[in-house]
Amino acid sequence: MLNILITGGSGLLALNLASYFRQSHQVTLGLHHTRVALNQVKSLPLPTSPDELCALIQQHGFNLVVHAAGMTDVDACEKNPEEAQKINAYLSRDVATACCAAGAKLVHISTDHLFNGLEPKRDELALTSPLNEYARSKLLAEQLVMEACPDALVIRTNFFGWGHPKRRSFSDWIIDSMQQEKSINLFKDVYFSPILISALAEQLARLLQMNASGIFNVVSDERLSKSEFGLKLCSAFGFNPALIHEVSVDSVALSAIRPKDMSLDNTKLKRATSSTIPSLDVQLMMLKDQLDSGWADEIRNSLMES
């Protein structure tokens, strides 16, 4: 049994990972400002210094740390590059330093934003060329993490799953809009390869079983546009696809330049784990099953009053 600490404990990634891993492991959510509650999951406030974090890891016997905390608002990072580097890069370095000193395995969550978007399905060896401050801070994070903790497992991904009102995912936004019968604009010329967090967690578990380290792309097989994803989601949930309007990203004024193609190649992952990843159609039905089973409601209601 793993004793897992997940940073960024109030975020949708951490909450969904905790919901998955609590079935067979001990899970603790590391928090800073927000308090949350999930069944069978502990929580505790995290210190900011590497020495104090190392002591906490040793005190509680954590043998796996998943670093899921970060500044993920791309436009906010563009406006506050120093804050982006502080949170995304240097905090990650400090977590890696603490894990290395404490002897805990580190899983560092990276991003698919690291390339210029001119070519599809970039693999782990492709030359990075970040276009915005968010991507630059996340690339620096990867470099600092691997320097501080060479055995770290770095996951490049783009995920979706159930969040709460303060931490909504792309799929949450589409679902909420469709349920309210609100028309939305989705980009027809921005491509990605998203994965449901529980499917990501399954692949992560496989990588941990083999004590993998280094960089892995953990994404779906399919490359599709944001609007195609929205239409697939409508089909899975029975929503009205006419509410989705396909537009070009060039028609929208954004503070930060985005890569038009963020899709990643997952060949290395599948070869290493000898596994397959469910199709996006299947994953979207899994997302719906999570709604029907109460998984979504538990995460939606996980925030506690301070």
Side-chain angles (χ1 to χ4, degrees), residues 11-13 16 72-75 109-115 117-122 131 134-135 155-163 167-203 217-252 254 256-266 269-270 276-292 295-296 299:
L12 69 96
L13 175 59
N16 282 274
T72 57
D73 185 322
V74 176
D75 290 323
I109 305 299
S110 189
T111 182
D112 60 354
H113 273 245
L114 303 180
F115 305 96
L118 299 179
E119 297 179 43
K121 293 234 173 184
R122 307 312 303 269
L131 296 180
Y134 168 71
I155 303 298
R156 291 178 179 171
T157 189
N158 189 315
F159 53 81
F160 64 96
W162 295 104
R167 293 288 189 277
R168 293 200 306 166
S169 73
F170 182 49
S171 54
D172 283 329
W173 174 64
I174 297 173
I175 291 168
D176 292 346
S177 300
M178 296 298 100
Q179 288 176 332
Q180 298 170 40
E181 298 186 350
K182 291 170 57 177
S183 296
I184 59 173
N185 295 329
L186 294 179
F187 298 136
K188 62 183 178 182
D189 51 359
V190 174
Y191 296 88
F192 67 151
S193 42
I195 187 168
L196 180 64
I197 297 174
S198 55
L200 184 159
E202 181 179 348
Q203 294 301 317
N217 295 337
V218 182
V219 293
S220 294
D221 295 335
E222 294 103 318
R223 167 189 178 269
L224 76 172
S225 70
K226 295 293 184 84
S227 59
E228 289 171 331
F229 177 84
L231 291 170
K232 278 183 175 288
L233 191 152
C234 284
S235 177
F237 280 73
F239 295 138
N240 179 7
L243 293 171
I244 291 179
H245 302 294
E246 298 183 281
V247 301
S248 171
V249 67
D250 296 328
S251 68
V252 180
L254 299 169
I257 301 172
R258 267 80 160 173
K260 286 191 173 181
D261 198 323
M262 299 177 291
S263 60
L264 299 176
D265 183 287
N266 62 12
L269 168 72
K270 293 193 294 184
T276 58
I277 296 173
S279 70
L280 263 176
D281 288 331
V282 170
Q283 290 181 50
L284 289 168
M285 292 308 300
M286 291 165 61
L287 183 71
K288 187 175 184 300
D289 289 343
Q290 290 173 355
L291 176 63
D292 297 338
W295 174 309
I299 290 177

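Just so it is clear, the structure is predicted and the values come from calculations on it, not from any experiment. Heads up: numbering here begins at 1 and tracks the sequence.
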Asker: Please examine the side chains of S263 and F192, heavy atoms only from C-beta on, and report whether any two atoms are closer than 4.5 Å.
Answerer: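 SC-SC contact between F192 and S263 ruled out.
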Asker: One pair to check against side-chain contact (heavy atoms from CB on, under 4.5 Å): M178 and F237. What are the steps and the verdict?
Answerer: CA-CA 10 Å; M178 296 298 100; F237 280 73; over 6 Å; no
Asker: Can you confirm whether E181 is buried at CD, in the sense that more than 12 heavy atoms of other residues, nucleotides or ligands lie under 6.0 Å from that atom?
Answerer: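 Open.
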Asker: Using side-chain contact (heavy atoms from CB on, under 4.5 Å), reason through F159 and V218 one step at a time and then give a plain yes or no.
Answerer: CA-CA 9 Å; F159 53 81; V218 182; over 6 Å; no
Asker: Working to the nearest 0.5 Å, report the span between SG of C234 and CG of L284.
Answerer: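 Spacing of SG (C234) from CG (L284) equals 10.0 Å.
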Asker: Do you know which two heavy atoms are closest between S169 and G161, and how far apart they sit?
Answerer: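 Distance-wise, the nearest heavy atoms are OG-O, 2.7 Å.
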Asker: Ignoring hydrogens and angles, state whether a donor on the side chain of D281 or S279 is under 3.5 Å from an acceptor on the partner side chain.
Answerer: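 The answer is no; no qualifying pair exists.
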Asker: May I ask you to test the L224-P194 pair for a side-chain heavy-atom distance under 4.5 Å?
Answerer: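 SC-SC contact between L224 and P194 confirmed.
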Asker: Quiz question: by atom type and distance under 3.5 Å, do the side chains of W295 and N16 form a donor-acceptor pair?
Answerer: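 There is such a pair between these side chains.
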Asker: Of the non-hydrogen atoms in S227 and K188, which two are nearest, and what is the gap between them?
Answerer: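 So the two residues come closest at OG-CA, 3.4 Å.
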Asker: Please walk me through it: do D250 and K260 pass side-chain contact (heavy atoms from CB on, under 4.5 Å)?
Answerer: CA-CA 10 Å; D250 296 328; K260 286 191 173 181; 2.8 Å; yes
Asker: What is the distance from atom NE2 of H113 to atom CD1 of I257, rounded to the nearest 0.5 Å?
Answerer: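 Those atoms lie 13.0 Å apart.
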Asker: Is W173 close to I184 at the side-chain level, that is, under 4.5 Å between some pair of heavy atoms?
Answerer: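 Result yes, sub-4.5 Å side-chain heavy-atom pair found.
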Asker: With no hydrogens and no angle check, is any side-chain donor or acceptor of N217 less than 3.5 Å from a backbone partner on R122?
Answerer: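 Yes; at least one donor-acceptor contact below 3.5 Å.
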Asker: Would the distance check show the side chain of K121 and the main-chain N or O of D221 forming a donor-acceptor pair, the cut-off being under 3.5 Å?
Answerer: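 Yes, because the side chain of K121 sits within donor-acceptor range (under 3.5 Å) of the backbone of D221.
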Asker: For L186 and K226, which heavy atoms make the closest approach, and how far apart are they?
Answerer: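 That closest heavy-atom pairing would be CD1-O, 3.8 Å.
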Asker: Which residue in the set L114, V190, T111 passes side-chain contact (heavy atoms from CB on, under 4.5 Å) when paired with M262?
Answerer: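 Single pass found, and it is V190.
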Asker: Rounded at 0.5 Å granularity, tell me how far CD1 in I175 sits from CZ in R168.
Answerer: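 One gets 10.5 Å once the value is rounded to the nearest 0.5 Å.
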Asker: Measure the shortest side-chain to side-chain distance between V74 and L254 over non-hydrogen atoms and say whether it is less than 4.5 angstrom.
Answerer: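 Sidechains of L254 and V74: no contact.
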Asker: If you compare all heavy atoms of W162 against all heavy atoms of A296, which two are closest, and at what distance to 0.1 Å?
Answerer: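 W162 and A296 have their closest heavy atoms at CD2-CB, 3.4 Å.
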Asker: Just verifying a value: how many Å separate L233 CG and S171 OG, rounded to the nearest 0.5 Å?
Answerer: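 Those atoms lie 6.5 Å apart.
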Asker: Mind listing the closest non-hydrogen atom pair of S193 and E222 along with its distance?
Answerer: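 S193 and E222 have their closest heavy atoms at CB-O, 3.2 Å.
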Asker: May I ask you to say whether D75 pairs ionically with R258, meaning some side-chain N is under 4.0 Å from a carboxylate O?
Answerer: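 So D75 pairs with R258 through a salt bridge.
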Asker: How close do D172 and G163 get, heavy atom to heavy atom, and via which atoms?
Answerer: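 Heavy-atom minimum between the residues: OD2-N, 2.8 Å.
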Asker: Please state whether the rings of F229 and F160 are parallel, tilted or perpendicular, taking 30° and 60° as the class boundaries.
Answerer: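 Ring orientation of F229 relative to F160: perpendicular.
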Asker: Where do V219 and D112 land on the side-chain contact (heavy atoms from CB on, under 4.5 Å) test, with the steps shown first?
Answerer: CA-CA 9 Å; V219 293; D112 60 354; 5.7 Å; no
Asker: Can any side-chain N or O of Q283 pair as donor or acceptor with the backbone N or O of L196 at less than 3.5 Å?
Answerer: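 Side chain of Q283 to backbone of L196: a pair is present.
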Asker: In Å and rounded to the nearest 0.5 Å, what is the NZ to CG distance from K232 to L280?
Answerer: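 Atom-to-atom, K232:NZ and L280:CG are 6.5 Å apart.
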Asker: Do Q203 and I155 touch side chain to side chain, with heavy atoms closer than 4.5 Å?
Answerer: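 They are not in contact (no side-chain heavy atoms under 4.5 Å apart), so the answer is no.
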Asker: Side-chain contact, heavy-atom cut-off 4.5 Å: L264 with F115?
Answerer: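 Yes. Closest side-chain heavy atoms under 4.5 Å.
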Asker: Can you tell me how far apart CD1 (I174) and CG (L231) are? Round to the nearest 0.5 Å.
Answerer: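 One gets 9.0 Å once the value is rounded to the nearest 0.5 Å.
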